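To start, the structure under review is shown below, and the notes come after it.
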Amino acid sequence: MLAKRTPLHPPHSKLYSLSSYTFLSQSTTQLNLPPDAYLKVLCLNGRLKEALIEMSILGTDVRFRGYDALITECVNRKALREGELVHSHMIKTHYRAPVYLDTRLLIMYAKCGKLDDAREVFDGMLQRNVVSWTAMISAYSQTGFQSVAVGLFRWMLRTGLFPNEFTLATVLASCIGHLGLEHGRQVHSLVIKNKYNSHVYVGSSLLNMYAKASEIHDARMVFEFLPVRDVVSCTSIISGYAQLNLDNEALEMFRKLYNQGMECNYVTFASLLTALAGLSALEYGKQVHGLVIRRQLPFYIVLQNSMIYMYAKCGSLLYARRVFDYMPERTVISWNAMLVGYGDHGLGREVLCLFKSMRDVKSDAVTYTAVLSGCSHGGLTDEGLGIFYSMVGGKEMEPEIGHYACVIDLLGRAGRIEKALEFIRNMPFEPSIAMWGSLLGACRVHGNVSAGEYVAQRLLSMEPKNAGNYVILSNIYADAGRWEDVVKVREMMKENTVIKEPGKSSINLNKTVHTFRSGDRSHPQKDKVNAKVRELYEKIREVGYSPDLSCVLHDVDDEQKERILLGHSEKLAIAFGLMFSSQGGILRVTKNLRICVDCHNFAKLVSKVTKRELSVRDSKRFHLMANGTCSCGDFW
DNA sequence: TTAGGGTTAG
């Protein structure tokens, strides 16, 4: 029997009076409707089976148009079940589908998330055109199977078919990261050869490919040579900078393009907010918040997620939570951003409380990383371990390597270094740089020299050019009074020609970002700032400060070491902030690297003698210093 | 018929 009908038309309309047994030819004559339009009407009314029965008796040409209309309807409505019915009807009636219709079927399956079925159609095609290939490549690209997409593209080239601008834009989006770069460059030469170089879709895909591979200069070149720019190409270059932590460049690019009248949408603002979070630019962030509310942009939920992140990274948990609380709907990203915010501030209890109240959304790997790292930063060792072990063997989420790294951090922080080493020996992964790095920090905090040496040996073999590792090892030796070993570390560093990433700290005052570099000699106020650092230094000496010379690994005398320490960028930024800010407010400094032991001591004691609260956001977390103590409990 | 940019962690 035929499926029950749901009438679309009121009883007085001609369509309503048609019986389901009325043949298509008759219906179309009566209604003066083309057959494909009539079939579409039936399909829209849930009468697909009737439509298919009527199709069986039609001529090839009408069937082609009919199937096309039906598949289009299924694609538009992502109606997989109906699409499958159309497909099986084609098979059952031995209909020989032309390339076009097979491609439409492939697209239907891909849009309904049935990648394997799409591939089956693709593999079964006797002939394929550039659209079939592009649709299949795109299906893989959009579902995260980038290498399969690239492999398919290479196969397509071998068949002698020529890619068009659709294919090139798609495949470039699949050449992601450093591994994709080599192939991406080859595609770029194909783009030039085929004179698609000025195509705005191909161009934005190309510049994005370079930006994702950290080749920002090439990305910029492509952008500059685009004859036409649109919202996507402009957003791509801004997000390219932001994702490489080139936040100032991202902001400058946005300002320039905005003044030139660029179109902005929610993706543009989401990328901009990432850059503002990196700059701790709270005032700008608030302005963007106001702007996006006024514009009533679609996909506001994505922007709210970005704003939670921005406010938390700017040290304003209150605003972050306000945005979170007022969201009518949240995604797992909203929860994760809020959890990360609390974790960055060392608020372990708030992390756990929020995690336990998660409803309506399923936690993902990021959630667990945020919770475990939040427990670690908040000193909740047992709670964190409990959560990890509930993951092992649990149904919700199998722990990944990053979660194992969090456990090592948890154990290290609690001083259970041997346990952490045992955990590393038994885990199903090779230990990573991050794991050894966090354990080395733990050895410093807990004064474990022998484990520190063991860990440092492994870490330095994997990462011999990171100056921070040598500094921590030197701190470990210095704390144990092993000065000869401090010298040895310095020599090791020299042998490995270690290049230290320059330390950089910034402070926002009066809507201006003031940035200081280590030993800054170029700042216009350098003399006054240095004098202020010296003044603070004298004051805190009276309450017990002594410089930690093991933080300096240059081969110079102690006096020179002290001078180097006093030139550290966070000290300059703190001094500048004290000179030019009004009394009472929190002084917020942001640093690109981890804060060193000496600057940490300095900042704590400055908070005591000046009675000012200091917030130092380093590359890992927030340090809130008040009256001589820090929220990190001296562990970082 | 087929195409490009985005939000949370590390």
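Note on naming: letters A, B, ... go to the chains in the order of the sequence lines (proteins, then strands), and numbering restarts at 1 for each one. Keep in mind that what you see is a predicted model, and the values were worked out from it rather than measured.
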Seminar exercise, completed: For A:Arg617 and A:Cys314, the nearest pair of non-hydrogen atoms, with its separation, is NH1-N, 4.4 Å
Exercise. A:Met397 has an atom CE; how far is it from atom C1' of B:dT8, in whole Å?
Worked result: 14 Å
For this session: Measure from the side-chain heavy atoms of A:Lys313 and tell me the nearest of B:dT1, B:dA3, B:dA9.
Result: B:dA9
Seminar exercise, completed: Ranking B:dA9, B:dT1, B:dG4 by distance to the side chain of A:Val366, first place goes to B:dA9
Exercise. Is A:Tyr368 touching bases, backbone alone, or none of the nucleic acid, heavy atoms closer than 4.0 Å?
Worked result: nothing
Problem set entry | Rounded distance (Å) that lies between atom P of B:dG4 and atom CG of A:Leu172 | 11 Å
Exercise. Is A:Tyr309 touching bases, backbone alone, or none of the nucleic acid, heavy atoms closer than 4.0 Å?
Worked result: sugar-phosphate
Problem set entry | Under 3.5 Å: donor-acceptor pair, side chain of A:Ser141, backbone of A:Ile137 | no
Exercise. Does any donor-acceptor pair link the side chain of A:Thr235 with the base of B:dG5 at a separation under 3.5 Å?
Worked result: yes
Exercise. Does a nitrogen or oxygen in the side chain of A:Gln243 sit under 4.0 Å from OP1 or OP2 of B:dG5?
Worked result: no
Exercise. Hey, does A:Asp364 reach any base, or is it just sugar-phosphate, or nothing, if we go heavy atoms under 4.0 Å?
Worked result: nothing
Exercise. Rounded to whole angstroms, how far apart are CH2 on A:Trp335 and P on B:dA9?
Worked result: 17 Å
Exercise. Looking at the side chain of A:Lys212, which of B:dG6, B:dA9, B:dA3 is the nearest nucleotide?
Worked result: B:dG6
Exercise. Given B:dG4, is OP1 or OP2 found less than 4.0 Å from the side-chain N or O atoms of A:Asn208?
Worked result: no
For this session: With the side chain of A:Ser233 defined as its heavy atoms from C-beta on, choose the nearest nucleotide among B:dG4, B:dG6, B:dG10.
Result: B:dG4
Problem set entry | Closest nucleotide among B:dG10, B:dT1, B:dA9 to the A:Ala434 side chain | B:dG10
Problem set entry | Nearest-nucleotide pick for A:Thr369, side chain only, options being B:dT7, B:dT1, B:dA9 | B:dA9
Exercise. Which part of the nucleic acid does A:Asp68 contact within heavy-atom distance under 4.0 Å: base, sugar-phosphate only, or nothing?
Worked result: nothing
For this session: Rounded to the nearest 0.5 Å, what's the gap from OH on A:Tyr342 to CD on A:Glu350? Could you check?
Result: 6.0 Å
For this session: For A:Ser271, report the nucleic acid contact type (base, sugar-phosphate, nothing); a contact means any heavy atom under 4.0 Å.
Result: sugar-phosphate
Problem set entry | Nucleotide B:dG6, atom P - distance to CG of A:Asn305 in whole Å | 15 Å
Exercise. Of the nucleotides B:dT7, B:dT2, B:dG4, which one has an atom closest to the side chain of A:Thr274?
Worked result: B:dT7
Problem set entry | Nearest-angstrom distance from the residue atom CZ of A:Arg330 to C1' of B:dT8 | 15 Å
For this session: Report the nucleotide, chosen from B:dG6, B:dT1, B:dA3, that has the shortest atom-to-atom distance to any side-chain atom of A:Tyr201.
Result: B:dA3
Exercise. Which is it for A:Tyr67 and A:Tyr95 under the ring-ring contact (aromatic ring centres under 6.0 Å, His included) test, yes or no, and what are the steps along the way?
Worked result: CA-CA 10 Å; A:Tyr67 281 136; A:Tyr95 177 73; 4.9 Å; yes
For this session: To the nearest Å, give me how far apart CD (A:Glu263) and P (B:dG4) are.
Result: 17 Å
Exercise. Got a sec: does the CG of A:Leu318 have more than 12 other heavy atoms crowding it under 6.0 Å?
Worked result: no
For this session: Spell out yes or no: do the side chain of A:Asn265 and the base of B:dG6 have one donor N/O and one acceptor N/O closer than 3.5 Å?
Result: no
Problem set entry | Minimum heavy-atom distance A:Val200-A:Leu226, with the two atoms named | CA-CD2, 4.5 Å
Exercise. Within this structure, what is the CG-to-C1' distance between A:Asn245 and B:dG10, rounded to whole angstrom?
Worked result: 12 Å
For this session: Given ring-ring contact (aromatic ring centres under 6.0 Å, His included), test A:Trp133 with A:Phe153 step by step and report yes or no.
Result: CA-CA 8 Å; A:Trp133 283 94; A:Phe153 175 74; 9.4 Å; no
Exercise. Heavy atoms under 4.0 Å, any strand shown: does A:Gln142 hit a base, just sugar-phosphate, or nothing?
Worked result: sugar-phosphate
For this session: Nearest whole angstrom, please: distance from the P of B:dG6 to the OH of A:Tyr300.
Result: 21 Å
Exercise. Is there a donor N/O on one and an acceptor N/O on the other, under 3.5 Å, for the side chain of A:Ser205 and the base of B:dG4?
Worked result: no
Exercise. Among the nucleotides B:dG4, B:dT7, B:dG5, which one has an atom lying closest to any side-chain atom of A:Ser236?
Worked result: B:dG5
For this session: Mind checking A:Val200 for me? I need base, sugar-phosphate or nothing, with any heavy atom below 4.0 Å counting as a touch.
Result: base
Problem set entry | Closest to side chain of A:Ser138, choosing from B:dA3, B:dG4, B:dA9 | B:dA3
